[in-house]
Amino acid sequence: MNFVEELQWRGMIHDIMPGTEEHLNKEMTTAYVGIDPTADSLHIGHLVGVMMLKHLQQAGHRPVVLVGGATGMIGDPSMKSAERNLLDEPTLRHNQESIKKQLMRFLDFNSGEANSAVMVNNYDWMKDFSFLDFIRDVGKYITVNYMMSKDSVKKRLSSESRDGMSFTEFTYQLVQGYDYLHLYKELDCKLQMGGSDQWGNITTGTELIRKTVGGEAYALVCPLITKADGGKFGKTESGNIWLDAAKTTPYQFYQFWLNTSDQDAEKYIKIFTLLNKQEIETLVKEQVEAPHLRPLQNRLANEMTILVHGQEALETSIEASQILFGRGSTQTLKKMDEPTFLSVFEGVPIFTIEKVALQEGVNIVDLLAEKSSVFPSKGELRRTIAGGGLQLNKEKIDNGDRLVGMGDLLNDKYLLVQKGKKSFYLLIAE
RNA sequence: GGGGAGAUUCCAGAGCGGCCAAAUGGGGCAGACUGUAAAUCUGUUGUCUUUCGACUUCGGAGGUUCGAAUCCUCCUCUCCCCA
């Protein structure tokens, strides 16, 4: 199975330029994906592009990761409906380093082979490019008419858009197009990949290559990852799902994948894991036969957690999940020794309170909304209690007057607060 | 430079000077049902208060008025059209 076929059955091809597959079959091809260094960690939205590069490398081609130091300073109009904040250079450099470390879990940068992965930063060649040089050497080849016909631009110029588009943003596709030209010349890069929203930007690049050096370059984009319910992929109420354990704990990461809806699970497992076609088909069959066991979600969560955080983190996450969602009760919680307890609740938001306050017993509303900030307001807490959504140490609280005292402490130190089904908070009395 | 439209709560978007903490939809949160899924139904969604109620909010600053999201003045910002 070649690279294109591989992506095909995984549902990772949205659009591909004619001739791309032929070229890939003909020779080892260098291809790149751009990543914006807007943060010092990748989030799971980035993984689609990363997985494309992974498959590419496995097929014997050379992956290039382009960190958009320059383009990240501009902001891609197709990404957002509004103008973006600009980043400064030290931040960009720091972010690039962190991102590379994460990418090394996926791509081989030091294989010594011809298809060893490469990372470049377009800031390096854009920073000294003068405005005059740019408009003469690049701008000259592309007409404004062509640029305006791109969807990303049209959308922003239409009257539905609430904001205008700055010249800076308008220029974005030219800068990205020039990146492609630069890599074409320097690294013999003949393929650019990305999300389908990048199609317009990528084709500006191929157009530029054709017009300036008469070269042939290709494009391949994957569909935008969506959720069946129309929500945005990779977001939870607390924001992005990051690869960095400090931003998103392994437990939360694991839970994210486990919570995937049935409709999405098959799609995600194809895109994000390296399981082969047969393995996935088997899992799908199991899912149909025993949907309550959720074989797809379980496998997906396992694979992803191992890939990003390692085996040990996976085991802790599973253990924590079983205690929190399984038949955990006040008794099981009390029986746990402290190290186990702490490892299970690693990553759960922690609040500290004064132990003294508990000696006389304290009203639960005051405890959670005043003595600690588990809840932002008393009103919200009362509503949650009234709706039966609050548990203390796995025991339902149905009265806002409930007094919490020393006897409620687990291991003489902890209180486990649960809001709804999935949100846990840990109180430490000191 | 000229003309027009606009800024309301998480978002979108209503809002005769009092009945406006502000319609409606979306989103969020919670409950029921379930499989930590989806769909559906219910509740809730400024702060404080057990209740009554009190207080702070409608771009900013002033003003008119017994009373302002609503009227007036100035300012800031945004969009559109013409030149």
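From a predicted model like this one, the values you see are computed outputs, not experimental measurements. Proteins come first, then strands; the chains are lettered A, B, ... in the order of their sequence lines, and each starts at number 1.
Of the P atoms belonging to B/C58 and B/A7, the separation is 14 Å, rounded to the nearest Å. Between B/G27 and B/G62, the two P atoms lie 40 Å apart (nearest whole Å). Nucleotides B/U76 and B/G60 are separated by 7 Å at their C1' atoms, to the nearest Å. Nucleotides B/C48 and B/C66, compared at atom C1', are 28 Å apart to the nearest Å. Going from the C1' atom of B/U57 to that of B/U47 covers 10 Å, rounded to whole Å. Taking atom C1' in both B/G13 and B/G26, one finds a spacing of 10 Å when rounded to whole Å. To the nearest whole angstrom, the two P atoms, one in B/A37 and one in B/C55, are 44 Å apart. Nucleotides B/U9 and B/C82 place their P atoms 31 Å apart, quoted to the nearest Å.
In A/Glu279, the CD atom is crowded: over 12 heavy atoms of neighbouring residues, nucleotides or ligands sit closer than 6.0 Å. No more than 12 heavy atoms of other residues, nucleotides or ligands sit less than 6.0 Å from atom CE of A/Met148.
A/Arg294 comes within contact range of at least one nucleobase, with a heavy-atom separation under 4.0 Å.
Side-chain to base pairing of A/Lys421 with B/U34: one donor and one acceptor N or O lie within less than 3.5 Å of each other. One donor-acceptor pair, N or O on each side, does fall under 3.5 Å between the base of B/U36 and the side chain of A/Gln255.
Protein atom CG of A/Leu296 is 11 Å distant from nucleotide atom C1' of B/A37, rounded to whole Å. Atoms CZ (A/Arg299) and C1' (B/G35) sit 20 Å apart, rounded to a whole Å. Rounded to whole Å, atom C1' of B/A30 lies 10 Å from atom CD of A/Glu380. In this structure, A/Phe233 places its CZ atom 18 Å from P of B/A37, rounding to the nearest Å. Rounded to whole angstrom, the span from the CG atom of A/Leu381 across to the P atom of B/U45 amounts to 15 Å. Separating the CD1 atom of A/Ile385 from the C1' atom of B/C29 is a distance of 14 Å, rounded to the nearest angstrom. As rounded to whole Å, 5 Å separates atom C1' of B/U36 from atom CG of A/Asn259.
A/Phe272 and A/Tyr268 have perpendicular rings, their planes meeting at more than 60° on a 0 to 90° scale where under 30° would count as parallel.
Side chain of A/Ser321 to main chain of A/Ser317: a donor-acceptor pair is present (N/O by atom type, distance under 3.5 Å, no hydrogens or angles). One N or O on the side chain of A/Thr204 and one on the backbone of A/Gly200 form a donor-acceptor pair closer than 3.5 Å.
Checking B/U45, B/A32, B/G35 against the side-chain heavy atoms of A/Arg383 singles out B/U45 as nearest.
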